[in-house]
A.B. asks: 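This is the structure I have questions about; it appears just below.
Letters A, B, ... are given to chains in the order of the sequence lines, protein chains preceding strands, and every chain is numbered from 1. No hydrogens, no waters, no symmetry mates; every other heavy atom, side chains included, goes into these values.
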Protein chains: 2
Amino acid sequence: MKKTSQPTINDVAHVSGVSKKTVSRVINNSPLLNDDTRQRVLGVIKDLGFVPNPQARALALRRNFLIGLVHDNPNAQMVLNVQQGILEAIRDTEFELVVRPVNRGAPSMLEDVRHFLERQRLFGVVLLPPVSENDSLAQLCDEIGCRYVRMGSAKLDDDEHMVASNDREAVREATQYLIDEGHKRIAWISGPHGFRSARERRLGFEDALGAAKIPLHRSMVADGNYTFDTGVLAAERLLDLSPRPTAIFAANDEMATGVLYAARQRGLDVPRDLSILGFDDTPTAGHIWPPLTTVRWPIVSMARAAAMKLLAGVGDGGEAVTEPSMFLSTLIRRASVARPMD
Amino acid sequence: MKKTSQPTINDVAHVSGVSKKTVSRVINNSPLLNDDTRQRVLGVIKDLGFVPNPQARALALRRNFLIGLVHDNPNAQMVLNVQQGILEAIRDTEFELVVRPVNRGAPSMLEDVRHFLERQRLFGVVLLPPVSENDSLAQLCDEIGCRYVRMGSAKLDDDEHMVASNDREAVREATQYLIDEGHKRIAWISGPHGFRSARERRLGFEDALGAAKIPLHRSMVADGNYTFDTGVLAAERLLDLSPRPTAIFAANDEMATGVLYAARQRGLDVPRDLSILGFDDTPTAGHIWPPLTTVRWPIVSMARAAAMKLLAGVGDGGEAVTEPSMFLSTLIRRASVARPMD
DNA sequence: TTGTACGCGTTATCAC
DNA sequence: GTGATAACGCGTACAA
C-alpha cells in the first residue's frame with residue numbers, strides 16, 4: 001500500500017485481478033470487452049483514484065495531450081479571448097493549453113513551428129490570424145501529422161480545419177447602416193497590408209458603397225495597421241479634408257479609438273460633427289465616451305468551436321457533434337454614430 | 001539511416017561509440033566526464049541534429065518541462081503581459097508555457113490545482129494575484145514538490161518564491177502629487193475586499209493623507225471591485241457629494257475609466273472640474289480623452305523575473321544571476337490631473 | 001474476450 | 001570515467 005505516490009495501471013490491474021492490458025482497454029474504452037470486467041475495473045479505478053500518467057501515455061502514444069495556441073497577434077484582448085474559448089472546450093478533459101507565440105516576419109518561423117510541433121508532439125494546434133492565413137503553416141501541420149484548426153476572417157480551408165467569421169458581410173451591413181442614417185462622405189481606415197481580415201473588411205465597405213452608388217475617392221481611404229497610433233494619424237489626415245467626411249469607419253476598434261482621440265484633440269464633437277465606427281467590440285469600445293458603435297464577432301465561441309473540432313472523435317461517447325465553421329458578427333449600436341448635420 | 005523519424009539517444013550512442021548513459025551525461029552536462037568523449041559526443045549530437053525527447057525525459061525524471069501559469073484574474077491585459085514575460089524568460093529553452101485558469105471562489109480550487117500539478121508534474125508554476133495571495137496554495141506546491149513563484153503587491157513569501165511590486169509606496173507618491181497640486185478633497189475608490197493589492201493601495205492613500213494631515217471622511221471612500229461598472233457607480237455617488245471632491249483616485253485604471261465616463265455623462269470637464277487618477281497603466285489609459293494619469297508597474301519584467309527564478313540553477317552555465325524580488329512602480333503624468341479651481 | 005512480452009526514449013543504480 | 005541493466009507507466013503485437 002504505497003500511498004505516497006499515485007496509483008499506476010499496475011496497481012489497478014493487481015487489485016481488480018486482471019492484466020494491465022485489460023485496464024488499458026478500459027481506459028481507452030475499447031469496444032471488445034466483457035461488460036462485467038469493465039465495470040469491475042472501473043470500480044477499482046474509482047476506488048484507487050487512478051488517473052493515467054500523461055507522460056507515460058505521451059511516450060507510448062508518441063503524442064502529447066496538449067493543445068497548442070500558435071499566434072502572432074497584435075491584439076491582446078483577442079488572444080486572451082481565444083485562450084478562454086479553448087480552455088472552455090478542454091475543461092474537464094485530459095488536455096492542457098500550451099501557448100506559443102511566433103514571429104510572423106522571421107524567415108525561421110516555419111522551422112520554429114516545426115521544431116515545436118515535432119518536439120512536443122502536440123495533439124493539435126489552433127492557428128490564429130494573421131499566421132493562420134499562411135498556407136505553408138497548415139501544410140506543415142499536415143506533413144507532421146499534427147491536427148490543426150485555423151481561425152480567420154474568411155474560409156481558407158476545409159470545414160474540418162477552419163473556423164471563420166464573415167467580416168465582409170458584417171462590414172457591409174455596418175456601412176449600410178451609416179448610409180441609411182444619411183451619410184455620404186464616409187472614410188475608411190484600413191488594416192495592415194497582407195492581413196486577410198483587412199482585405200475582407202475593406203471589400204465589405206466597398207460592397208455597401210457600390211450598392212448605394214456612392215463613389216469612393218482615393219482620398220477617403222487611409223492606411224492603418226490596427227494600432228491606436230495609426231488610427232490617430234489616419235484620422236488627422238482625413239479630418240483635414242474639405243469637405244470633411246461625416247463618418248469614419250476604422251477597420252478595428254483600436255484605430256477607431258484613435259480617431260475619437262484625434263477628433264477630440266481638434267475640438268470636434270462626436271457624434272455631432274463626426275460619426276465613428278469600429279470593429280471588434282473590445283471592452284474599451286464600450287468604456288470610452290461616447291461609447292463606440294462597432295461590430296462584435298463571437299471570438300470566444302469561435303475559439304471554443306476550433307478546439308472542439310480538434311478534439312472531435314476523442315471524447316467518451318464520440319457523439320459527432322459537428323461544430324459550425326462560420327460565425328456571424330453583429331452590429332453593436334452605441335452613441336458614436338448619428339445622422340450627419342449637412 | 002532511418003531519416004524518417006528523429007534520432008534518439010541510441011543513435012547518438014551508436015555513432016559516437018559510447019553508451020547511452022554517457023550520452024545522457026553529456027546532455028545533462030555531468031561534471032565527471034572526459035572532455036574528449038564529451039566533445040566527440042557533442043559533435044555527433046550536432047551532426048545528427050539530435051534533440052532529447054521531452055516525453056521520455058518527463059517520464060524518467062518524473063517531471064515535465066512545463067511552466068504553469070495559474071491565475072484567476074479579472075484583468076485580461078495583466079494576464080497577457082504576464083504570459084509575455086514568462087515567454088521571454090523561457091525563449092530558447094526546452095520549457096513551454098501551460099495556462100491554467102482556476103476559480104478562486106470554488107471550494108474545490110485547491111484540489112483542482114493539486115490534481116493539475118500532480119498529473120502534469122510541472123516543473124514549476126507562476127502564481128498570479130489574487131490567487132497568489134492564498135498561502136494554502138503555496139503550501140500545496142511545497143508539499144507536492146513543485147517549484148513556485150508568487151506575484152503580488154507586497155512581500156508574501158521568501159525572495160526565492162516572490163516577486164512583488166510596491167503598490168503602497170506608489171500610491172502614496174501619486175497621492176502626494178495630487179496634494180502638491182493643491183487638492184484637499186480627494187476621494188478614493190477601493191478595490192475588492194480580500195485583494196491584497198486593494199489593501200496596499202488603500203494604505204498608501206491613507207499614508208499620504210495622514211502625512212499631510214488631511215482627514216479622510218468615510219464618505220470620500222467608495223467601494224469598487226476593479227471593474228468599469230463599479231467605477232461608474234462609485235463615481236456617481238462621489239460626484240453627488242457636496243462639496244464635490246476635486247479629485248478621485250481609483251484603485252485601478254478600469255475603474256478610473258468608469259469615473260471619467262460618469263463625469264462626462266454629467267457634463268463635467270476633466271481635468272478642469274475633476275482630476276482623475278488610476279493605477280496599472282493599461283493601454284486604454286493612454287487612449288482615452290483626456291489620457292489618464294496613472295501608476296505603471298513593470299508587470300512584464302516582474303513576470304520574466306518570476307520565470308527566471310523558477311528556472312534558477314537549470315541553464316547551461318548555472319550562473320547564479322539573482323533576479324530582484326521587488327519592483328518599483330512609477331507615476332505616469334498625463335492630462336487627467338490639474339490644479340483644482342477652488 | 002483476455003494475457004504475455006516487448007517497445008517508447010530517457011535517466012538512475014551500481015558495478016567495473 | 002564509463003557501461004550494462006533496470007526502472008519510469010502505458011500501449012501494441014500477437015498469442016491464448
A.B. asks: Hey, is the side chain of A:Thr22 poking within less than 4.0 Å of OP1 or OP2 on C:dG3, counting only N and O atoms?
C.D. replies: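 For C:dG3, OP1 or OP2 has a side-chain N or O of A:Thr22 closer than 4.0 Å.
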
A.B. asks: Taking only side-chain N and O atoms of A:Thr37, does any of them lie within less than 4.0 angstrom of OP1 or OP2 on C:dT2?
C.D. replies: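 True: A:Thr37 side-chain N/O within range (under 4.0 Å) of C:dT2 OP1/OP2.
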
A.B. asks: Can you tell me the distance, in whole Å, between the CD atom of A:Gln120 and the P atom of C:dG9?
C.D. replies: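 My rounded result for the distance is 15 Å.
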
A.B. asks: If you find the nucleotide of DNA chain C closest to B:Arg25 and the one closest to B:Asn28, which residue's nucleotide is nearer the 5' end?
C.D. replies: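 Result: B:Asn28.
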
A.B. asks: Round to a whole Å and report the spacing from CZ of A:Phe50 to C1' of D:dC10.
C.D. replies: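 Value for this atom pair: 8 Å.
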
A.B. asks: Of B:Ser19 and B:Arg121, whose nearest nucleotide on DNA chain D comes first from the 5' end?
C.D. replies: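 Closest to the 5' end, via its nearest nucleotide, is B:Ser19.
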
A.B. asks: Judged by each residue's nearest nucleotide on DNA chain D, which is more toward the 5′ side, B:Arg119 or B:Val18?
C.D. replies: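 Mapping each residue to its closest nucleotide by heavy atoms, the 5'-most match is B:Val18.
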
A.B. asks: Whole Å only: how far is the CZ atom of B:Phe65 from the P atom of C:dG9?
C.D. replies: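 Nearest whole value for this atom pair: 17 Å.
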
A.B. asks: Tell me: NZ of A:Lys21 to C1' of D:dA13, nearest whole Å?
C.D. replies: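 My rounded result for the distance is 10 Å.
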
A.B. asks: Using atom NE2 of B:His14 as one end and atom P of D:dG3 as the other, report the distance to the nearest whole Å.
C.D. replies: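 One finds 13 Å between P of D:dG3 and NE2 of B:His14, rounded.
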
A.B. asks: Do you see a donor-acceptor pair shorter than 3.5 Å between the side chains of A:Gln6 and B:Arg119?
C.D. replies: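 Yes.
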
A.B. asks: When you measure only distances, ignoring hydrogens and angles, does the side chain of B:Lys20 come within 3.5 Å of the base of C:dG9 through a donor and an acceptor?
C.D. replies: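 Answer no: no donor N or O sits under 3.5 Å from an acceptor.
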
A.B. asks: Report yes or no: do B:Gln83 and A:Gln83 form a side-chain donor-acceptor pair below 3.5 Å?
C.D. replies: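 Indeed, the side chains of B:Gln83 and A:Gln83 share at least one donor-acceptor pair under 3.5 Å.
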
A.B. asks: Will you find, in the side chains of B:Arg150 and B:Asn134, an N or O donor that is under 3.5 Å from an N or O acceptor?
C.D. replies: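 No, B:Asn134 and B:Arg150 have no side-chain donor paired with an acceptor closer than 3.5 Å.
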
A.B. asks: If you look at every strand shown and take non-hydrogen atoms under 4.0 Å, does B:Leu59 touch a base, only sugar-phosphate, or nothing?
C.D. replies: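 Since a base atom lies under 4.0 Å of B:Leu59, the category is base.
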
A.B. asks: Under 4.0 Å, heavy atoms only, any strand: does A:Val23 hit a base, just the sugar-phosphate, or nothing?
C.D. replies: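 Nothing: the residue A:Val23, judged by heavy atoms under 4.0 Å, touches no strand.
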
A.B. asks: Tell me whether the rings of A:Phe65 and A:Phe123 are parallel (<30°), tilted (30 to 60°) or perpendicular (>60°).
C.D. replies: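 The rings of A:Phe65 and A:Phe123 sit tilted, inter-plane angle from 30° to 60°.
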
A.B. asks: Could you state the CG-P distance from B:Leu61 to D:dC8, rounded to the nearest angstrom?
C.D. replies: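 Answer to the nearest Å: 13 Å.
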
A.B. asks: Could you check whether A:Ser325 and A:Lys309, counting side-chain N and O atoms only, form a donor-acceptor pair closer than 3.5 Å?
C.D. replies: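 Short answer, yes.
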
A.B. asks: Looking only at side-chain atoms of B:Ser24, point me to the closest of C:dT2, C:dT11, D:dT2.
C.D. replies: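 From the listed options, C:dT11 comes nearest.
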
A.B. asks: Write down the distance between CZ (A:Arg40) and P (C:dT2), rounded to a whole number of angstrom.
C.D. replies: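 Going from A:Arg40 (CZ) to C:dT2 (P), I get 8 Å.
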
A.B. asks: For B:Arg62 and D:dA7, give me the distance from atom CZ to atom P, rounded to whole Å.
C.D. replies: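 Taking atom P of D:dA7 as the reference, CZ of B:Arg62 is at 12 Å.
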
